[in-house]
Amino acid sequence: MPPLALIRGTLDLLVLRALTRGPMHGFEITTWLEDRSGGRLGVDDRALYQALQRMEERALIGAEWGVTENNRRARYYRISAAGRAHLEAETSHWVEYAATVTQILTVAT
Amino acid sequence: VSDDRRHVRSGVRRLFRLAVRRGDLRRDDVDEEVRLHVELRVEQLVRRGLTEAAARAQATEWFAGTGGTLDDAARDLRASATRRETRMALRERLADLRRDLRLAFRSLRRAPAFGAVAVLTLALGIGASTAVFGVVYDVLLKPLPFRDPDRLVGVYHHGADGNSVRQGPATYFTYRDHSRVFEDVGAWNTGRASLTGRGEPERVEALFVTDGTLRLLGIRPALGRLFGAADDAPGAPRRVVLSYGQWQRRFGGAPDVVGQSLEVDGTPCEIIGVLPASFRFLRTDPAVLLPMQLDRANVWLVFYFQVVARLKPGVTLDAANADVARLIPRVVDWIPGLAEWRLTPDVRPLSEDVTGGVERVLWVLAGTVGVVLLIAGANVVNLVLVRAEGRARELAVRTALGASRGRVARTLLAESATLALAGGAAGLLLAGAALRLLRRTAPASLPRVEELGVGPAVALFALGTAAAAGLLLGLLPVARLGAPNAMLREGGRGASDAPARRRVYDALVVAQIAMALVLLIVSGLMVRTFVALRQVRPGFTRPEEVQTFRVSVPGALVADARQTARVHAQIAERVRGVPGVVSVGLSSSITLDGDANGNPTFVEHAPVPAGTLPPLVRFKYLGAGYVETMGNRVVAGRPLAWDDVLQPRDVVLVSETMARKYWGTVPNALGKRLTNCSACSWRTVVGVVGDERDDGLSRPAPEIVYWPMLIEQFGDGPISVKRTMAYAVRSTRVGTPGFLRELQRAVWSVRPDLPLADVRTVAELQDRDMARTSFAMVMLAIAAAVALLLGVVGVYGVLAYVAARRTREVGIRMALGARRADVRGLFVRHGLRLALTGVAIGLVASLALTRVMATLLFGVRAVDPLTYVATSAGLVAVALLATWVPARRASRVEPTLAFRSE
């Protein structure tokens with residue numbers, strides 16, 4: 001089964017969600033999302049970095065250079081207070097939205 | 001949604017100097033990030049069992065997409081990162097700007113008087129200079145509204161005596177047929193035409209053109225077509241093109257007007273087209289256009305029309321002049337008599353025909369207003385410097401607390417920018433109002449006046465001036481920021497009256513006084529010119545009591561020459577019968593109405609050397625009463641009566657200048673004889689009349705011969721008559737309602753379909769002639785008044801400031817026994833020294849600068865002692881007055897108070 005394509009706008013939320021667990025570099029975020037979705041979500045690598053830049057500009061996340069467990073320089077992203085607020089608001093919105101759409105699509109008329 | 005958060009965030013970022021990094025840094029980040037990501041992915045895939053090569057291929061594909069390379073992907077990311085960085089930096093800068101402006105506003109609100117005076121001064125300076133720039137730009141600099149206006153030229157000649165010579169058919173045809181430099185050549189001339197047969201009879205301005213004229217200008221008709229070669233051929237059926245306005249007025253904008261017929265001067269003409277509403281040709285405003293229909297078989301020696309031409313691409317004016325010089329001998333071959341005129345070419349840009357003569361006024365004005373701007377600038381600089389000094393302590397404290405010099409400089413700049421922009425905006429409003437006012441009141445002699453207004457160029461000028469002022473005003477105090485610690489140590493006291501600083505103020509005041517004096521002298525000279533022009537004997541008296549209008553009796557209406565003259569005599573008699581009319585006179589041209597002509601004249605016993613042409617003299621043609629009605633003098637002999645005209649007798653009048661030139665004295669001229677062609681009979685001079693300043697009050701009076709309007713054997717048949725005559729009517733009722741209508745009824749009681757044209761008083765003609773002078777005078781007077789006001793404010797401001805700063809010194813002096821008068825004297829002497837230095841410099845500058853305006857002057861030399869002395873004395877007096885007030889205040893200081901104030 002090919003991975004599911006991401007619905008527009010959800011990538012930001014997923015990344016923010018990942019970062020609530022603590023600072024991560026780009027590849028960690030990817031693998032975390034792949035693991036959590038059981039490999040079903042196809043995260044485009046380039047789109048991920050675009051999203052990181054975008055959210056950095058909007059100050060939802062911050063970034064600084066750090067060192068990985070294997071002593072390699074990596075850019076670590078950290079969710080900001082604004083990012084948490086954003087995630088919270090958007091998550092409830094998403095849940096409500098998804099439930100509504102699901103209900104319309106699945107309940108027999 | 002996240003605007004606020006972003007703002008907070010950027011503030012934090014700024015606080016810790018974190019992520020505000022340069023784009024190139026971020027770009028390196030991207031490369032490293034991509035590399036790491038791919039490495040980690042490869043390791044992951046290898047762990048899952050792929051070979052190294054397969055894993056690398058897979059990782060690359062996932063990152064860069066199928067067929068993409070890592071470099072491409074990284075480049076994309078780098079580019080978007082750079083874009084973001086730029087955006088963020090810009091946002092930061094805007095936020096900074098907002099903060100600076102807020103600070104500036106706050107600090108200006110704390111000093112409202114300073115702010116108001118500075119903005120007002122700037123507004124005056126910028127407003128005045130913007131308004132004048134607007135006039136200069138619209139009149140002189142803006143391109144003409146034609147296709148490729150740079151290639152349009154007016155083609156003229158210089159004559160032997162240096163006068164400008166227009167064109168005749170011989171030159172026109174020669175240039176049109178044989179020129180190598182002109183793409184197209186067209187002739188034009190203005191005249192008048194009577195429109196009859198449809199609606200009210202009307203006498204309107206007509207523009208006569210050849211077929212090339214409109215074509216080379218690039219005019220496209222709004223309706224129908226314009227003239228072609230067939231319409232312009234001699235003997236072709238008469239056709240007419242209407243102006244847009246005439247089409248609207250007379251035909252109500254009817255779309256089927258093309259093909260209809262309109263009677264022009266009694267001849268039916270087919271309407272072939274309508275001009276676009278935007279059509280403006282130089283300084284004309286025609287209602288109808290008619291073809292000139294020049295005939296090369298009938299080329300006579302008259303130079304009366306003008307020629308406009310389009311240069312071939314890349315042809316210079318010099319080349320064009322050289323080509324015309326090449327062609328002049330061909331013209332002379334055609335008409336040998338021309339050799340005597342020794343024509344030289346004068347091809348010049350067409351734009352000069354539009355601006356004709358006002359450039360000098362405008363440039364003088366522009367210079368003047370530049371000076372006003374400088375004076376205003378000096379004032380504001382003084383204000384800002386004084387204020388900066390007062391704030392030196394505040395700024396020093398801020399610097400000591402860690403604000404960088406750049407930071408403080410930015411605040412100062414923001415403050416001056418705020419002042420300058422406010423001043424610029426107010427100035428632009430002022431300029432807009434001034435231009436609107438000007439458009440309504442400017443003299444008719446100011447060309448393109450209807451185009452005046454605030455356009456992009458004018459707005460840009462105001463903005464540029466304001467920006468320059470803001471920068472200058474901001475940088476000055478920044479430059480004087482000096483070492484902050486020294487400032488603090490001195491406690492902001494000792495340095496405040498440092499001689500170096502005072503010298504700057506003094507220098508600015510001296511400059512202001514010098515500049516104000518230049519303007520006062522310039523406007524004083526203009527006033528003297530105006531007065532001198534008013535005292536010229538123009539050939540008429542009490543011009544406001546003389547109404548003039550033209551009546552034309554077309555040949556289609558009255559064919560016979562004698563009968564035509566009798567119709568005019570009848571009209572004159574009826575007009576004389578209108579209540580309140582004192583006298584009526586007829587002439588082919590009224591003084592100053594611009595109808596200039598030159599005709600060969602032969603004087604008895606003054607033979608014309610063989611092979612040369614006789615002198616050219618202006619001719620006017622009279623009915624009875626013209627000289628008396630205008631209020632001109634009969635210096636010797638008698639004026640013409642209707643008997644002389646209707647008989648007609650072989651008699652003429654000459655002007656005083658003419659009489660002196662040919663017969664030595666005025667009485668000597670009586671009984672002498674002259675004529676207009678070698679084969680014509682002699683006419684006897686029966687009277688000499690006072691000179692008419694026909695070419696303008698400031699120009700010498702021309703020589704004039706006055707003929708009866710009906711003349712036998714004039715060289716064009718047994719008898720000839722002037723059909724169009726100007727009527728001069730003297731009455732104290734001129735200008736009262738109903739008077740004109742009664743005059744019109746009197747005319748129509750003789751012939752109902754004769755229109756009255758060029759209805760105006762002689763006073764209007766005089767005003768028009770003086771318009772340039774009075775315009776320059778009024779504008780210069782306003783500029784000088786503003787300069788004087790600003791200068792006085794400057795003197796007062798500096799002295800008041802110095803007085804305040806020296807309170808302590810004055811206190812000590814008085815404690816030591818100085819009297820109040822001594823203290824006053826101290827300050828008055830200071831003011832006087834400044835004023836006198838300024839006046840001295842101003843006088844020297846004026847001596848050099850007023851030469852530029854010599855051609856604008858009349859009856860007064862550019863170095864006029866009276867003007868120089870009077871304005872200097874006046875300026876010194878006013879400056880002393882401005883010193884007196886602060887001096888008095890300083891002398892009232894109580895010594896004890898003075899010490900306490902420190």
Side-chain angles (χ1 to χ4, degrees), chain A residues 2-3 5 9 12 16 24-35 39 41-90 93, chain B residues 1-13 16 18-19 21 25-45 47-48 58-65 68 70 72-91:
Chain A
D12 288 12
L16 285 176
M24 287 184 184
H25 57 72
F27 189 70
E28 277 179 331
I29 298 173
T30 313
T31 43
W32 187 80
L33 287 177
E34 282 166 0
D35 291 349
L41 282 182
V43 179
D44 181 75
D45 291 337
R46 220 171 347 159
L48 172 74
Y49 285 95
Q50 302 269 22
L52 287 170
Q53 283 182 5
R54 191 164 55 234
M55 288 194 291
E56 199 182 346
E57 186 194 0
R58 294 175 60 193
L60 299 178
I61 58 175
E64 57 204 351
W65 284 99
V67 180
T68 68
E69 300 132 35
N70 300 331
N71 254 351
R72 280 200 268 208
R73 246 166 72 81
R75 200 154 193 266
Y76 277 91
Y77 296 89
R78 180 199 309 275
I79 187 164
S80 69
R84 277 181 206 283
H86 183 73
L87 175 63
E88 211 166 291
E90 291 300 303
H93 177 244
Chain B
V1 267
S2 50
D3 251 325
D4 289 337
R5 289 171 207 150
R6 214 155 49 220
H7 184 73
V8 170
R9 172 66 195 180
S10 69
V12 173
R13 188 159 38 213
F16 296 105
L18 281 182
R21 43 178 104 212
L25 273 177
R26 187 69 185 87
R27 281 202 297 280
D28 295 345
D29 287 359
V30 167
D31 282 344
E32 199 174 340
E33 228 180 341
V34 171
R35 217 176 307 127
L36 177 73
H37 184 102
V38 172
E39 285 311 317
L40 291 173
R41 179 72 83 190
V42 168
E43 285 166 22
Q44 182 197 45
L45 292 176
R47 276 200 301 279
R48 289 186 194 164
Q58 180 69 76
T60 303
E61 193 187 324
W62 279 352
F63 203 101
L70 274 183
D72 290 343
R75 195 176 323 115
D76 279 2
L77 280 172
R78 268 204 308 274
S80 66
T82 312
R83 274 200 304 277
R84 277 173 218 288
E85 295 289 332
T86 317
R87 267 209 302 274
M88 280 160 77
L90 191 69
R91 230 176 270 141

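Note that the structure is predicted; figures quoted are calculated from it, not measured. Reminder, nothing fancy here: chain letters follow the sequence lines and each chain counts from 1.
Scanning both residues, B/Leu36 and A/Arg73, for their nearest heavy atoms gives CD2-O, 3.7 Å. The heavy-atom pair separating B/Phe63 from A/Asp45 by the smallest distance is CD1-CB, 3.3 Å.
Residues B/Arg83 and A/Glu57 are not in side-chain contact: their nearest non-hydrogen atoms beyond the backbone lie 4.5 Å or more apart. Inter-residue side-chain proximity for B/Val30 and A/Gln53 is flagged as met; some heavy-atom pair is nearer than 4.5 Å. Within the 4.5 Å cutoff, the side chain of B/Arg84 has no heavy atoms near those of the A/Glu56 side chain.
Atom CD of B/Glu33 sits about 5.5 Å away from atom CH2 of A/Trp65, to the nearest 0.5 Å. In this structure, OG1 in A/Thr30 is found 4.5 Å from NE2 in B/His37, a value given to the nearest 0.5 Å. In this structure, A/Thr31 OG1 and B/Leu40 CG are separated by 8.5 Å, a value rounded to the nearest 0.5 Å.
Remark: A/Arg72 CZ is packed, more than 12 non-hydrogen atoms of other residues, nucleotides or ligands lying under 6.0 Å away.
Heavy atoms of B/Glu61 lying under 4.5 Å from chain A are absent altogether. Both the backbone and the side chain of B/Leu77 come within contact range of chain A, with heavy atoms under 4.5 Å apart. Of the two parts of B/Ala64, only the backbone, made up of N, CA, C and O, holds a non-hydrogen atom closer than 4.5 Å to a non-hydrogen atom of chain A.
Ranked by heavy-atom pairs shorter than 4.5 Å toward chain B, the options A/Arg54, A/Arg46, A/Gln50 are led by A/Arg46.
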